[in-house]
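Each ligand, and each atom within it, is numbered from 1 in the order the structure gives. Atom set for the values below is all heavy atoms of this structure, side chains included, hydrogens, waters and symmetry mates excluded.
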Amino acid sequence: MPLTSSHLTQALKTVLDPDLGKDLVTLGMVKSAEMAGNVARVGVELTTPACPMKDKIRSDIELAIRNKAQEIGAGGVSVEVAFTADVRRPNEKTRGESNPLPNVRQIIAVGAGKGGVGKSTIAVNLAVSLARLGARTGLLDGDIYGPSAPTMLGLSALGTQTRDNLLLPFQVHGIKAMTIGKLVDADKPLIWRGPMAHGAFKQLATQTEWGELDYLIVDLPPGTGDVPLTLSQLLPLTGAVIVCTPQQVAQDDARRAVRMFQQLGVEVLGVVENMSYFVDDNGQEHDLFGRGGAQIMAETMQVPFLGALPLRTQLRVHSDSGTPLANWDHPSLGAELDRLAKNVASQVSIASLGGKYMMPTLSVRSS
Ligand code: ADP
């Protein structure tokens, strides 16, 4: 008996999305499933272009269809899987009229228990990586006490522009970015009290013309004081990424940051261990701060570990020179950054869709 499209659907019902733990049909990810001669053509819409599980999903689909062909005694079949991606909205909060950023699908805060651990570096490179992987991405530098985006994105020669009373974001390195650092005198300290900081952040977030975005990465001020606390309540966050270095003292602060988000009801998407170890120019690895400390902290707090990033001179140099894309010219650094971004994207998909029943959207023609 030849394979039909309904056989393909039956086979695809046995293939689970490894992150979401449900089958592709139930999740509404199968957009087409048809036979053309002895070729099975399957179209799958991923929940993010930065999906780390693409290869696994492809091979699971091939296996399931071959097994089905064998079961019904169909002859040899070849399988072609085409992927598209559509970042879904996280939850009902983002649909309501009260949402100040209805055209942004996922808002991800990057926080840290203390300054200097690489929070802005991670935020910038997370945004650039997601954009390189195909997502429409924005970066909101909300670290109002120490905005880093002007330097890290090389914005010094660019002026701010407005249209219809909205700020136009800087379009650089494949992302859209906005920072308080371009709106105030960079050399004057920003001594703002809570309510002023609150107002400035809200204005920056909501009066920027972001357009349609899949991801908006928000670089929050460090720490667990009033300002990061109130700022993380102003936007409908999908969740927060906590950046931490491996030392015990840094872990203690990061633990407080994790608890702060949890108490606010903000999902902790996971912990990144930055400056995990140092790689010298000969590629030799040196353990400076107690590599693995943040990973153990994440495990004991039962939050996902998103990966480790070593201390690399090139990352610092490219951050200082405002050329983040140069990180992807390095033989390992770009891959390390992409791995982090993919892990974040997959936690975002889990936080948005995990455990929720999705209506199937596949319509099957009987043939
Ligand atoms: P934070 O936002 O937490 O205050 P930054 O992102 O500004 O920290 O980083 C502090 C400094 O450390 C910057 O000069 C940055 O370039 C550097 N840095 C951060 N992470 C790394 C890393 N993994 N390798 C090399 N330099 C790093």
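- Counting protein heavy atoms only, atom 17 (C) of ligand 1 is closest to R316 CG, 4.1 Å.
- A donor-acceptor contact closer than 3.5 angstrom links the side chains of T26 and D23.
- Using a 4.5 Å heavy-atom threshold, the side chains of P49 and V87 count as touching.
- Taking atom 20 (N) of ligand 1 as the reference point, the nearest protein heavy-atom neighbour is N274 ND2, 2.9 Å.
- If you number the atoms of ligand 1 from 1 as listed, the ones under 4.0 Å from a heavy atom of M275 come out as 12 (O), 18 (N), 19 (C), 20 (N).
- Within the structure, the closest approach of A112 to ligand 1 does not fall below 4.0 Å when heavy atoms are considered.
- For the pair T47/D86, no side-chain contact is recorded, criterion being any heavy-atom separation below 4.5 Å from C-beta on.
- Residue-ligand proximity: Q314 is placed with every non-hydrogen atom at 4.0 Å or more from ligand 1.
- Neither side chain, N274 nor T245, offers a donor N or O lying under 3.5 Å from an acceptor on the other.
- Remark: minimum distance from atom 4 (O) of ligand 1 to any protein heavy atom is reached at G116 N, 2.8 Å.
- For ligand 1, the polar-atom distance check against K114 finds no nitrogen or oxygen pair separated by under 3.5 Å.
- The closest side-chain donor-acceptor pair between E273 and S276 falls under 3.5 angstrom.
- Which parts of ligand 1 touch R312 is read off a 4.0 Å heavy-atom cut-off, strictly below it: atoms 24 (N), 25 (C).
- Residue nearest to atom 2 (O) of ligand 1, selected from G118, S120, A123: S120 (by heavy-atom distance).
- Using a 4.5 Å heavy-atom threshold, the side chains of Y215 and I108 count as touching.
- Both the backbone and the side chain of K119 come within 4.0 Å of ligand 1, counting heavy atoms alone.
- The presence of a protein heavy atom under 4.0 Å from atom 13 (C) of ligand 1 is ruled out.
- The distance criterion of under 3.5 Å between nitrogen or oxygen atoms is met by V117 with respect to ligand 1.
- One side chain, Q106 or S352, offers a donor N or O that lies under 3.5 Å from an acceptor on the other.
- Checking only distances, T313 never comes within under 3.5 Å of ligand 1, N or O to N or O.
- Protein heavy atom closest to atom 7 (O) of ligand 1, with residue, atom name and distance, is M152 CE, 3.6 Å.
- Between H173 and L153, the closest side-chain pair of non-hydrogen atoms falls below 4.5 Å.
- The atoms of ligand 1 that sit less than 4.0 Å from any heavy atom of S319 are 16 (O).
- Across every non-hydrogen atom of I57 and C51, the tightest pair is CD1-SG, 4.5 Å.
- Using a 3.5 Å distance cut-off with no hydrogens or angles, the side chains of D252 and Q248 do pair a donor with an acceptor.
- Of all the atoms in ligand 1, the ones that sit under 4.0 Å from a non-hydrogen atom of P310 are 22 (C), 23 (N), 24 (N).
- Side-chain contact check for L166 versus T208: every heavy-atom pair is 4.5 Å or farther apart.
- Here the heavy atom of the protein found nearest to atom 6 (O) of ligand 1 is T121 OG1, 2.5 Å.
- For atom 22 (C) of ligand 1, a protein heavy-atom neighbour is present inside the 4.0 Å cut-off.
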